[in-house]
There are 2 protein chains.
Amino acid sequence: MHENAQGESIPIRAALEAGDGLEFDLIELFFFAYRDFTSDPDQILSTDGFGRAHHRVLHFVNRMPGLTVAELLDVLKITKQSLARVLKQLIDTGHVVQMKGPKDRRQRELYPTPKGRALALALALPQSRRIRAALQETGPEERALIRRFLKAMVNPELRAQIDRLPHGGAPDVDGEPNDG
Amino acid sequence: MHENAQGESIPIRAALEAGDGLEFDLIELFFFAYRDFTSDPDQILSTDGFGRAHHRVLHFVNRMPGLTVAELLDVLKITKQSLARVLKQLIDTGHVVQMKGPKDRRQRELYPTPKGRALALALALPQSRRIRAALQETGPEERALIRRFLKAMVNPELRAQIDRLPHGGAPDVDGEPNDG
DNA sequence: GAAAATACGTCAGCCTTGTTGACATATCTC
DNA sequence: GAGATATGTCAACAAGGCTGACGTATTTTC
(Lines give C-alpha, C1' and ligand atoms only; values in the text may rest on other atoms or scores of the structure.)
Protein backbone atom coordinates (compact mmCIF):
# COMPACT_ATOMS: atom_id res chain seq x y z
CA MET A 1 0.00 0.00 0.00
CA HIS A 2 2.89 2.38 -0.24
CA GLU A 3 2.67 2.01 -3.96
CA ASN A 4 0.59 4.95 -5.03
CA ALA A 5 -2.52 4.52 -7.11
CA GLN A 6 -0.39 5.08 -10.15
CA GLY A 7 0.11 8.59 -11.47
CA GLU A 8 3.65 8.61 -10.19
CA SER A 9 5.09 5.74 -12.11
CA ILE A 10 4.35 5.38 -15.80
CA PRO A 11 6.24 7.70 -18.09
CA ILE A 12 4.15 9.68 -20.56
CA ARG A 13 5.73 9.73 -23.98
CA ALA A 14 3.37 12.13 -25.75
CA ALA A 15 4.36 15.76 -25.90
CA LEU A 16 2.04 18.28 -24.33
CA GLU A 17 0.76 20.34 -27.22
CA ALA A 18 -1.09 23.59 -27.58
CA GLY A 19 -4.82 23.56 -28.09
CA ASP A 20 -7.69 23.29 -25.60
CA GLY A 21 -7.04 26.87 -24.71
CA LEU A 22 -3.49 26.18 -23.61
CA GLU A 23 -1.10 28.76 -24.94
CA PHE A 24 2.17 26.88 -24.71
CA ASP A 25 3.86 28.66 -27.55
CA LEU A 26 3.21 32.12 -26.18
CA ILE A 27 4.12 30.97 -22.69
CA GLU A 28 7.47 29.77 -23.92
CA LEU A 29 8.10 32.79 -26.06
CA PHE A 30 7.40 35.05 -23.15
CA PHE A 31 9.91 33.14 -21.06
CA PHE A 32 12.67 33.23 -23.65
CA ALA A 33 11.97 36.82 -24.60
CA TYR A 34 12.15 38.06 -21.04
CA ARG A 35 15.31 36.13 -20.34
CA ASP A 36 17.13 37.66 -23.26
CA PHE A 37 15.58 41.04 -22.63
CA THR A 38 17.24 41.18 -19.22
CA SER A 39 20.54 39.71 -20.31
CA ASP A 40 22.09 42.84 -21.83
CA PRO A 41 21.61 45.02 -18.75
CA ASP A 42 22.79 42.17 -16.52
CA GLN A 43 26.03 42.21 -18.46
CA ILE A 44 26.58 45.94 -17.95
CA LEU A 45 25.56 45.87 -14.31
CA SER A 46 27.97 43.11 -13.37
CA THR A 47 30.95 45.36 -14.06
CA ASP A 48 29.77 47.68 -11.27
CA GLY A 49 29.03 44.77 -8.97
CA PHE A 50 25.34 45.45 -9.36
CA GLY A 51 22.49 43.11 -10.16
CA ARG A 52 19.01 43.20 -11.56
CA ALA A 53 17.60 44.60 -8.34
CA HIS A 54 19.81 47.66 -8.66
CA HIS A 55 18.58 48.10 -12.19
CA ARG A 56 14.96 48.25 -11.15
CA VAL A 57 15.57 50.77 -8.39
CA LEU A 58 17.70 52.95 -10.62
CA HIS A 59 15.14 52.76 -13.38
CA PHE A 60 12.20 53.94 -11.34
CA VAL A 61 14.15 56.60 -9.51
CA ASN A 62 15.02 58.00 -12.91
CA ARG A 63 11.51 57.71 -14.21
CA MET A 64 9.90 59.20 -11.12
CA PRO A 65 12.47 61.48 -9.48
CA GLY A 66 11.50 62.51 -6.00
CA LEU A 67 9.46 59.45 -5.27
CA THR A 68 9.56 58.34 -1.66
CA VAL A 69 10.79 55.06 -0.28
CA ALA A 70 7.24 53.94 0.39
CA GLU A 71 6.20 54.74 -3.17
CA LEU A 72 9.15 52.83 -4.56
CA LEU A 73 8.29 49.83 -2.42
CA ASP A 74 4.78 49.96 -3.77
CA VAL A 75 5.98 49.94 -7.36
CA LEU A 76 8.49 47.15 -6.90
CA LYS A 77 6.40 45.01 -4.55
CA ILE A 78 9.32 43.98 -2.39
CA THR A 79 10.02 44.45 1.30
CA LYS A 80 11.83 47.43 2.67
CA GLN A 81 14.68 45.19 3.82
CA SER A 82 15.23 43.97 0.29
CA LEU A 83 15.15 47.48 -1.01
CA ALA A 84 17.44 48.81 1.70
CA ARG A 85 20.29 46.55 0.66
CA VAL A 86 20.46 47.68 -2.94
CA LEU A 87 19.39 51.26 -2.32
CA LYS A 88 22.22 51.73 0.15
CA GLN A 89 24.72 50.61 -2.45
CA LEU A 90 23.29 52.94 -5.07
CA ILE A 91 23.55 55.81 -2.62
CA ASP A 92 27.07 54.90 -1.50
CA THR A 93 28.25 54.76 -5.09
CA GLY A 94 26.70 58.14 -5.85
CA HIS A 95 24.06 56.99 -8.28
CA VAL A 96 21.14 58.08 -6.14
CA VAL A 97 20.69 60.77 -3.49
CA GLN A 98 18.12 61.14 -0.77
CA MET A 99 16.48 64.35 0.37
CA LYS A 100 14.13 64.91 3.27
CA GLY A 101 10.60 65.47 2.10
CA PRO A 102 9.81 69.18 2.17
CA LYS A 103 6.30 68.66 3.50
CA ASP A 104 6.76 65.55 5.60
CA ARG A 105 10.32 65.35 6.81
CA ARG A 106 10.05 61.71 7.75
CA GLN A 107 9.94 60.88 4.09
CA ARG A 108 13.01 60.45 1.92
CA GLU A 109 12.69 61.62 -1.65
CA LEU A 110 14.94 59.76 -4.06
CA TYR A 111 16.68 61.43 -6.97
CA PRO A 112 19.21 60.22 -9.51
CA THR A 113 22.55 61.99 -9.83
CA PRO A 114 24.06 62.68 -13.24
CA LYS A 115 26.04 59.48 -12.72
CA GLY A 116 22.88 57.56 -11.92
CA ARG A 117 21.08 59.05 -14.88
CA ALA A 118 23.92 58.07 -17.18
CA LEU A 119 23.85 54.47 -15.98
CA ALA A 120 20.08 54.29 -16.35
CA LEU A 121 20.41 55.46 -19.93
CA ALA A 122 23.17 52.98 -20.66
CA LEU A 123 20.96 50.18 -19.37
CA ALA A 124 17.94 51.30 -21.33
CA LEU A 125 19.85 51.48 -24.57
CA PRO A 126 20.30 47.80 -25.45
CA GLN A 127 16.78 47.03 -24.27
CA SER A 128 15.38 49.76 -26.47
CA ARG A 129 17.40 48.54 -29.41
CA ARG A 130 16.04 45.06 -28.92
CA ILE A 131 12.48 46.33 -28.77
CA ARG A 132 12.89 48.44 -31.87
CA ALA A 133 14.39 45.53 -33.74
CA ALA A 134 11.44 43.38 -32.72
CA LEU A 135 8.99 46.06 -33.81
CA GLN A 136 10.78 46.05 -37.12
CA GLU A 137 9.57 42.49 -37.57
CA THR A 138 5.95 43.30 -36.89
CA GLY A 139 5.88 46.67 -38.55
CA PRO A 140 6.51 49.65 -36.29
CA GLU A 141 2.90 50.76 -36.60
CA GLU A 142 2.04 47.88 -34.28
CA ARG A 143 3.68 49.53 -31.32
CA ALA A 144 0.36 50.57 -29.83
CA LEU A 145 -0.94 47.07 -30.21
CA ILE A 146 2.01 45.49 -28.43
CA ARG A 147 1.63 48.04 -25.70
CA ARG A 148 -2.02 47.20 -25.31
CA PHE A 149 -1.26 43.50 -25.14
CA LEU A 150 1.44 43.85 -22.50
CA LYS A 151 -0.67 46.18 -20.45
CA ALA A 152 -3.52 43.72 -20.51
CA MET A 153 -1.14 41.07 -19.16
CA VAL A 154 -0.70 43.13 -16.02
CA ASN A 155 -3.05 42.65 -13.09
CA PRO A 156 -5.87 45.20 -13.35
CA GLU A 157 -5.16 46.73 -9.95
CA LEU A 158 -1.67 47.66 -11.06
CA ARG A 159 -2.52 49.24 -14.36
CA ALA A 160 -3.40 52.52 -12.69
CA GLN A 161 0.17 52.70 -11.39
CA ILE A 162 1.49 52.34 -14.91
CA ASP A 163 -0.60 55.22 -16.11
CA ARG A 164 1.10 57.44 -13.60
CA LEU A 165 4.48 57.04 -15.25
CA PRO A 166 5.56 59.75 -17.69
CA HIS A 167 4.40 59.06 -21.21
CA GLY A 168 6.26 61.75 -23.18
CA GLY A 169 7.78 61.35 -26.61
CA ALA A 170 5.99 58.37 -28.11
CA PRO A 171 3.37 59.68 -30.49
CA ASP A 172 0.92 56.80 -30.39
CA VAL A 173 -0.44 56.44 -26.91
CA ASP A 174 -3.35 54.13 -26.31
CA GLY A 175 -6.93 55.21 -26.31
CA GLU A 176 -6.65 56.51 -22.76
CA PRO A 177 -7.47 60.12 -22.01
CA ASN A 178 -3.97 60.77 -20.77
CA ASP A 179 -2.09 63.30 -22.78
CA GLY A 180 -3.97 66.55 -22.91
CA MET B 1 40.34 66.42 -4.34
CA HIS B 2 38.23 63.67 -2.98
CA GLU B 3 35.26 65.63 -4.17
CA ASN B 4 34.39 64.04 -7.48
CA ALA B 5 34.07 66.14 -10.60
CA GLN B 6 30.37 66.33 -9.90
CA GLY B 7 28.08 63.72 -11.35
CA GLU B 8 27.64 62.13 -7.96
CA SER B 9 26.16 65.00 -6.05
CA ILE B 10 23.46 67.11 -7.64
CA PRO B 11 20.01 65.58 -7.70
CA ILE B 12 18.27 65.54 -11.07
CA ARG B 13 14.65 66.54 -10.76
CA ALA B 14 13.51 65.94 -14.33
CA ALA B 15 11.91 62.60 -15.11
CA LEU B 16 13.55 60.43 -17.70
CA GLU B 17 11.06 60.30 -20.56
CA ALA B 18 10.64 58.22 -23.64
CA GLY B 19 11.86 59.51 -26.96
CA ASP B 20 15.31 59.53 -28.52
CA GLY B 21 14.77 55.89 -29.29
CA LEU B 22 14.34 54.99 -25.64
CA GLU B 23 11.41 52.67 -25.12
CA PHE B 24 10.71 53.23 -21.47
CA ASP B 25 7.04 52.46 -21.64
CA LEU B 26 7.51 49.10 -23.29
CA ILE B 27 10.43 48.30 -20.99
CA GLU B 28 8.23 48.89 -17.98
CA LEU B 29 5.26 47.07 -19.40
CA PHE B 30 7.42 44.07 -20.12
CA PHE B 31 8.64 44.06 -16.56
CA PHE B 32 5.19 44.34 -15.00
CA ALA B 33 3.66 41.89 -17.44
CA TYR B 34 6.25 39.23 -16.79
CA ARG B 35 6.02 39.67 -13.06
CA ASP B 36 2.29 39.13 -13.02
CA PHE B 37 2.54 36.40 -15.63
CA THR B 38 4.68 34.32 -13.27
CA SER B 39 2.71 35.11 -10.14
CA ASP B 40 -0.17 32.67 -10.63
CA PRO B 41 2.03 29.59 -11.07
CA ASP B 42 4.22 30.70 -8.17
CA GLN B 43 1.14 30.59 -6.01
CA ILE B 44 0.26 27.06 -7.02
CA LEU B 45 3.82 25.79 -6.78
CA SER B 46 4.35 27.06 -3.27
CA THR B 47 1.83 24.59 -1.90
CA ASP B 48 4.06 21.73 -3.11
CA GLY B 49 7.17 23.42 -1.81
CA PHE B 50 8.26 24.08 -5.35
CA GLY B 51 9.48 27.26 -7.00
CA ARG B 52 9.81 28.78 -10.40
CA ALA B 53 12.76 26.59 -11.25
CA HIS B 54 10.64 23.47 -10.82
CA HIS B 55 8.06 24.99 -13.08
CA ARG B 56 10.51 25.44 -15.92
CA VAL B 57 11.85 21.93 -15.68
CA LEU B 58 8.41 20.43 -15.47
CA HIS B 59 7.22 22.51 -18.38
CA PHE B 60 9.92 21.46 -20.79
CA VAL B 61 9.86 17.83 -19.74
CA ASN B 62 6.19 17.86 -20.62
CA ARG B 63 6.71 19.68 -23.86
CA MET B 64 9.62 17.51 -24.97
CA PRO B 65 9.23 14.12 -23.28
CA GLY B 66 12.33 11.99 -23.51
CA LEU B 67 14.73 14.87 -23.71
CA THR B 68 18.05 14.22 -22.06
CA VAL B 69 19.62 16.08 -19.18
CA ALA B 70 22.08 17.75 -21.53
CA GLU B 71 19.31 18.90 -23.81
CA LEU B 72 17.36 20.31 -20.91
CA LEU B 73 20.41 22.19 -19.71
CA ASP B 74 20.76 23.65 -23.16
CA VAL B 75 17.20 24.90 -23.19
CA LEU B 76 17.28 26.37 -19.70
CA LYS B 77 20.80 27.77 -19.87
CA ILE B 78 21.65 26.87 -16.32
CA THR B 79 24.35 24.65 -14.84
CA LYS B 80 23.85 20.99 -14.13
CA GLN B 81 24.27 21.64 -10.41
CA SER B 82 21.39 24.08 -10.46
CA LEU B 83 19.28 21.67 -12.42
CA ALA B 84 20.18 18.71 -10.21
CA ARG B 85 18.68 20.32 -7.15
CA VAL B 86 15.22 20.81 -8.57
CA LEU B 87 15.19 17.78 -10.83
CA LYS B 88 15.92 15.51 -7.89
CA GLN B 89 12.92 16.88 -6.06
CA LEU B 90 10.66 16.43 -9.06
CA ILE B 91 11.81 12.83 -9.36
CA ASP B 92 11.49 12.12 -5.65
CA THR B 93 7.95 13.47 -5.63
CA GLY B 94 7.01 11.35 -8.62
CA HIS B 95 6.43 14.14 -11.11
CA VAL B 96 9.23 13.10 -13.44
CA VAL B 97 10.90 9.78 -14.20
CA GLN B 98 14.25 9.00 -15.74
CA MET B 99 15.03 6.21 -18.19
CA LYS B 100 18.36 5.14 -19.54
CA GLY B 101 18.77 6.18 -23.13
CA PRO B 102 18.12 3.21 -25.40
CA LYS B 103 20.94 4.07 -27.76
CA ASP B 104 23.41 5.69 -25.40
CA ARG B 105 22.90 4.31 -21.93
CA ARG B 106 24.88 7.09 -20.29
CA GLN B 107 22.05 9.42 -21.12
CA ARG B 108 18.98 9.89 -18.98
CA GLU B 109 15.76 10.53 -20.80
CA LEU B 110 13.24 12.54 -18.83
CA TYR B 111 9.50 11.87 -18.92
CA PRO B 112 6.59 13.30 -17.01
CA THR B 113 4.35 10.97 -15.01
CA PRO B 114 0.59 11.45 -15.02
CA LYS B 115 1.07 13.38 -11.81
CA GLY B 116 3.69 15.57 -13.43
CA ARG B 117 1.53 16.09 -16.48
CA ALA B 118 -1.38 17.13 -14.31
CA LEU B 119 0.69 19.69 -12.47
CA ALA B 120 2.09 21.09 -15.70
CA LEU B 121 -1.43 21.55 -16.98
CA ALA B 122 -2.56 23.19 -13.78
CA LEU B 123 0.31 25.64 -14.05
CA ALA B 124 -0.34 26.41 -17.70
CA LEU B 125 -4.00 27.12 -17.09
CA PRO B 126 -3.89 30.52 -15.38
CA GLN B 127 -1.12 31.66 -17.67
CA SER B 128 -3.16 30.69 -20.70
CA ARG B 129 -6.19 32.44 -19.31
CA ARG B 130 -4.20 35.59 -18.82
CA ILE B 131 -2.85 35.44 -22.35
CA ARG B 132 -6.27 34.89 -23.84
CA ALA B 133 -7.68 37.76 -21.84
CA ALA B 134 -4.90 39.99 -23.11
CA LEU B 135 -5.52 38.87 -26.68
CA GLN B 136 -9.13 39.82 -26.13
CA GLU B 137 -7.96 43.39 -25.74
CA THR B 138 -6.02 43.44 -28.97
CA GLY B 139 -8.36 41.31 -30.99
CA PRO B 140 -7.57 37.59 -31.09
CA GLU B 141 -6.57 37.82 -34.72
CA GLU B 142 -3.40 39.51 -33.53
CA ARG B 143 -2.07 36.34 -31.97
CA ALA B 144 0.37 35.75 -34.81
CA LEU B 145 1.62 39.29 -34.52
CA ILE B 146 2.29 39.01 -30.80
CA ARG B 147 4.04 35.75 -31.43
CA ARG B 148 6.22 37.34 -34.06
CA PHE B 149 7.09 40.22 -31.75
CA LEU B 150 8.06 38.00 -28.84
CA LYS B 151 10.07 35.72 -31.02
CA ALA B 152 12.00 38.66 -32.40
CA MET B 153 12.84 39.65 -28.84
CA VAL B 154 14.74 36.40 -28.43
CA ASN B 155 18.39 36.20 -29.39
CA PRO B 156 18.67 34.94 -32.96
CA GLU B 157 20.81 31.94 -32.01
CA LEU B 158 18.05 30.64 -29.78
CA ARG B 159 15.18 30.97 -32.19
CA ALA B 160 16.04 27.68 -33.85
CA GLN B 161 15.52 25.95 -30.51
CA ILE B 162 12.05 27.41 -30.26
CA ASP B 163 11.12 26.08 -33.65
CA ARG B 164 11.88 22.60 -32.42
CA LEU B 165 9.09 22.70 -29.86
CA PRO B 166 5.75 21.13 -30.83
CA HIS B 167 3.42 23.59 -32.51
CA GLY B 168 0.15 21.62 -32.67
CA GLY B 169 -3.32 22.98 -32.18
CA ALA B 170 -3.03 26.70 -32.81
CA PRO B 171 -4.35 27.41 -36.29
CA ASP B 172 -2.39 30.51 -37.13
CA VAL B 173 1.28 29.66 -37.10
CA ASP B 174 3.72 32.16 -38.49
CA GLY B 175 5.03 32.13 -41.99
CA GLU B 176 7.27 29.18 -41.18
CA PRO B 177 6.97 26.01 -43.23
CA ASN B 178 6.19 23.97 -40.20
CA ASP B 179 2.80 22.36 -40.26
CA GLY B 180 2.73 20.08 -43.25
C1' DG C 1 41.59 -3.94 -25.37
C1' DA C 2 43.44 0.07 -23.11
C1' DA C 3 42.93 4.98 -22.99
C1' DA C 4 40.40 8.97 -23.54
C1' DA C 5 36.21 11.35 -23.95
C1' DT C 6 31.46 11.88 -22.63
C1' DA C 7 27.00 11.99 -19.77
C1' DC C 8 25.65 12.36 -15.55
C1' DG C 9 25.62 12.69 -10.36
C1' DT C 10 27.25 14.81 -6.24
C1' DC C 11 29.74 17.40 -2.53
C1' DA C 12 30.98 21.88 -0.88
C1' DG C 13 30.81 26.63 -0.79
C1' DC C 14 29.59 31.25 -2.52
C1' DC C 15 26.41 35.15 -4.24
C1' DT C 16 22.12 37.78 -5.08
C1' DT C 17 17.76 38.79 -3.91
C1' DG C 18 13.77 37.69 -2.00
C1' DT C 19 11.46 36.62 2.86
C1' DT C 20 10.02 37.28 8.22
C1' DG C 21 10.47 39.28 12.78
C1' DA C 22 12.03 42.60 15.92
C1' DC C 23 13.29 46.94 17.33
C1' DA C 24 15.12 52.09 17.13
C1' DT C 25 14.45 56.90 15.66
C1' DA C 26 12.43 60.88 13.79
C1' DT C 27 8.40 63.19 12.75
C1' DC C 28 3.60 64.05 12.24
C1' DT C 29 -1.24 63.97 13.95
C1' DC C 30 -4.75 64.17 17.28
C1' DG D 1 1.84 63.97 25.30
C1' DA D 2 0.21 59.62 23.05
C1' DG D 3 0.02 57.16 19.23
C1' DA D 4 0.55 56.50 14.36
C1' DT D 5 3.70 56.74 10.49
C1' DA D 6 8.15 56.72 7.53
C1' DT D 7 12.30 55.00 7.55
C1' DG D 8 16.54 52.42 8.94
C1' DT D 9 18.73 48.35 10.64
C1' DC D 10 20.01 43.82 12.73
C1' DA D 11 19.56 38.89 12.30
C1' DA D 12 18.28 34.75 10.25
C1' DC D 13 16.53 32.08 6.50
C1' DA D 14 15.27 30.28 1.60
C1' DA D 15 15.41 29.88 -3.42
C1' DG D 16 18.05 29.42 -7.15
C1' DG D 17 21.78 30.96 -9.63
C1' DC D 18 27.21 30.13 -9.75
C1' DT D 19 32.20 27.75 -9.60
C1' DG D 20 35.36 23.96 -8.73
C1' DA D 21 36.34 19.30 -7.90
C1' DC D 22 35.71 14.57 -8.16
C1' DG D 23 33.38 9.74 -8.97
C1' DT D 24 31.23 6.40 -12.09
C1' DA D 25 29.20 4.36 -16.04
C1' DT D 26 29.50 4.03 -20.80
C1' DT D 27 30.99 5.02 -25.42
C1' DT D 28 34.52 6.17 -28.67
C1' DT D 29 39.00 6.14 -30.36
C1' DC D 30 43.40 4.46 -31.36
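First the proteins, then the strands, lettered A, B, ... as listed; each starts at 1. Just so it is clear, the model here is predicted, and its values are computed rather than measured.
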Chemist: Please report the interatomic distance CZ(Arg148(A)) to OG1(Thr138(B)), rounded to the nearest 0.5 Å.
Modeler: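 It is 7.5 Å, given to the nearest 0.5 Å.
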
Chemist: For dT17(C) and His54(A) - does any side-chain N or O of the residue sit under 4.0 Å from the phosphate oxygens OP1/OP2?
Modeler: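 Answer is yes, contact under 4.0 Å.
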
Chemist: Please check the phosphate of dT6(C) (OP1 and OP2 only) for any side-chain N or O of Arg108(B) closer than 4.0 Å.
Modeler: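 Checking dT6(C) against Arg108(B), no side-chain N or O comes under 4.0 Å of OP1 or OP2.
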
Chemist: Between dC8(C) atom P and Glu71(B) atom CD, what is the distance in whole Å?
Modeler: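 Roughly 8 Å, once rounded to whole Å.
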
Chemist: Counting side-chain heavy atoms from CB outward, which of dT17(C), dC18(D), dT7(D) is closest to Val86(A)?
Modeler: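 Within the option list, the nearest is dT17(C).
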
Chemist: Identify which nucleotide among dT10(C), dG17(D), dA6(D) has an atom closest to any side-chain atom of Ala53(B), counting heavy atoms from C-beta outward.
Modeler: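 So the side chain of Ala53(B) is nearest to dG17(D).
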
Chemist: Treating Ser128(A) as the side-chain partner and Glu23(B) as the backbone partner, does any N or O pair qualify as donor plus acceptor under 3.5 Å?
Modeler: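 Present.
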
Chemist: May I ask you to say what Gln98(A) touches in the nucleic acid, namely base, sugar-phosphate or nothing, with a heavy-atom cut-off under 4.0 Å?
Modeler: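 Result for Gln98(A) = sugar-phosphate.
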
Chemist: Checking the side chain of Lys115(A) only, and the main-chain atoms of Thr93(A) only, is there a donor and an acceptor separated by less than 3.5 Å?
Modeler: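 Judged by distance alone, yes, a pair lies under 3.5 Å.
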
Chemist: Nearest-Å distance, CD1 (Ile78(B)) to C1' (dC8(C))?
Modeler: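 It is 14 Å, rounded to the nearest whole Å.
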
Chemist: Separation of Leu76(A) atom CG from dG18(C) atom P, in whole Å?
Modeler: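 That distance rounds to 8 Å.
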
Chemist: Taking atom C1' of dA14(D) as reference, at what distance in whole Å does atom CG of Asp42(B) sit?
Modeler: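 Atom CG in Asp42(B) sits about 14 Å away from atom C1' in dA14(D).
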
Chemist: Nearest of dT26(D), dG16(D), dT10(C) to any side-chain atom of Arg85(B)?
Modeler: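 The closest nucleotide is dG16(D).
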
Chemist: If we ignore hydrogens and angles and just use 3.5 Å, is the side chain of Arg56(A) paired with the main-chain N or O of Leu76(A) as donor and acceptor?
Modeler: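 No, because the side chain of Arg56(A) does not come within donor-acceptor range (under 3.5 Å) of the backbone of Leu76(A).
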
Chemist: Return the value, rounded to whole Å, for the distance between atom CZ of Arg106(B) and atom C1' of dT6(C).
Modeler: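 Checked: the CZ to C1' distance equals 4 Å.
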
Chemist: Under 4.0 Å from OP1 or OP2 of dT19(C): is there any side-chain N or O of Ser82(A) that close?
Modeler: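 Checking Ser82(A) against dT19(C): at least one side-chain N or O falls below 4.0 Å of OP1 or OP2.
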
Chemist: Nearest to the side chain of Arg105(A) - dC28(C), dA25(D), dC8(C)?
Modeler: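 It is dC28(C).
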
Chemist: Rounding to an integer number of Å, can you tell me how far Lys80(B) NZ sits from dG23(D) C1'?
Modeler: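 My rounded result for the distance is 10 Å.
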
Chemist: Any donor-acceptor pair, under 3.5 Å, between the side chain of Lys88(B) and the base of dG9(C), if you only look at N and O atoms?
Modeler: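 By the distance-only test, no, there is no pair.
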
Chemist: Counting any heavy atom closer than 4.0 Å, what does Gln89(B) reach on the DNA or RNA strands: base, sugar-phosphate only, or nothing?
Modeler: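 The answer is nothing, as Gln89(B) stays clear of every strand by at least 4.0 Å.
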
Chemist: Select base, sugar-phosphate, or nothing to describe what His55(A) touches, counting heavy atoms under 4.0 Å on all strands.
Modeler: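 Answer is nothing: His55(A) stays at 4.0 Å or more from every strand.
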
Chemist: Would you say a side-chain N or O of Thr79(A) is under 4.0 Å from OP1 or OP2 of dT19(C)?
Modeler: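 So the side chain of Thr79(A) is within the cut-off, an N or O lying under 4.0 Å from OP1 or OP2 of dT19(C).
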
Chemist: What's the CE-C1' distance between Met99(A) and dA6(D), to the nearest Å?
Modeler: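 My rounded result for the distance is 17 Å.
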
Chemist: For a quick check of understanding: with a heavy-atom distance under 4.0 Å over all strands, which category does Arg52(A) fall into, base, sugar-phosphate or nothing?
Modeler: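 If one applies the 4.0 Å heavy-atom cut-off, Arg52(A) turns out to touch the sugar-phosphate alone, with no base involved.
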
Chemist: What is the ring orientation for His55(B) with His59(B), classed by angle as parallel under 30°, tilted 30 to 60°, or perpendicular over 60°?
Modeler: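 Plane angle over 60°, so perpendicular.
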
Chemist: Can you check whether Phe30(B) and Phe30(A) have ring centres sitting under 6.0 Å from each other?
Modeler: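 Between Phe30(B) and Phe30(A), the centre distance is under 6.0 Å.
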
Chemist: Nearest-nucleotide wise, let me know which of Gly49(A) and Asp104(A) is further upstream toward the 5' end of DNA chain C.
Modeler: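 In this pair, the answer is Gly49(A).
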
Chemist: Can you tell me the distance, in whole Å, between the CD atom of Gln81(A) and the P atom of dA12(D)?
Modeler: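 One finds 15 Å between P of dA12(D) and CD of Gln81(A), rounded.
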
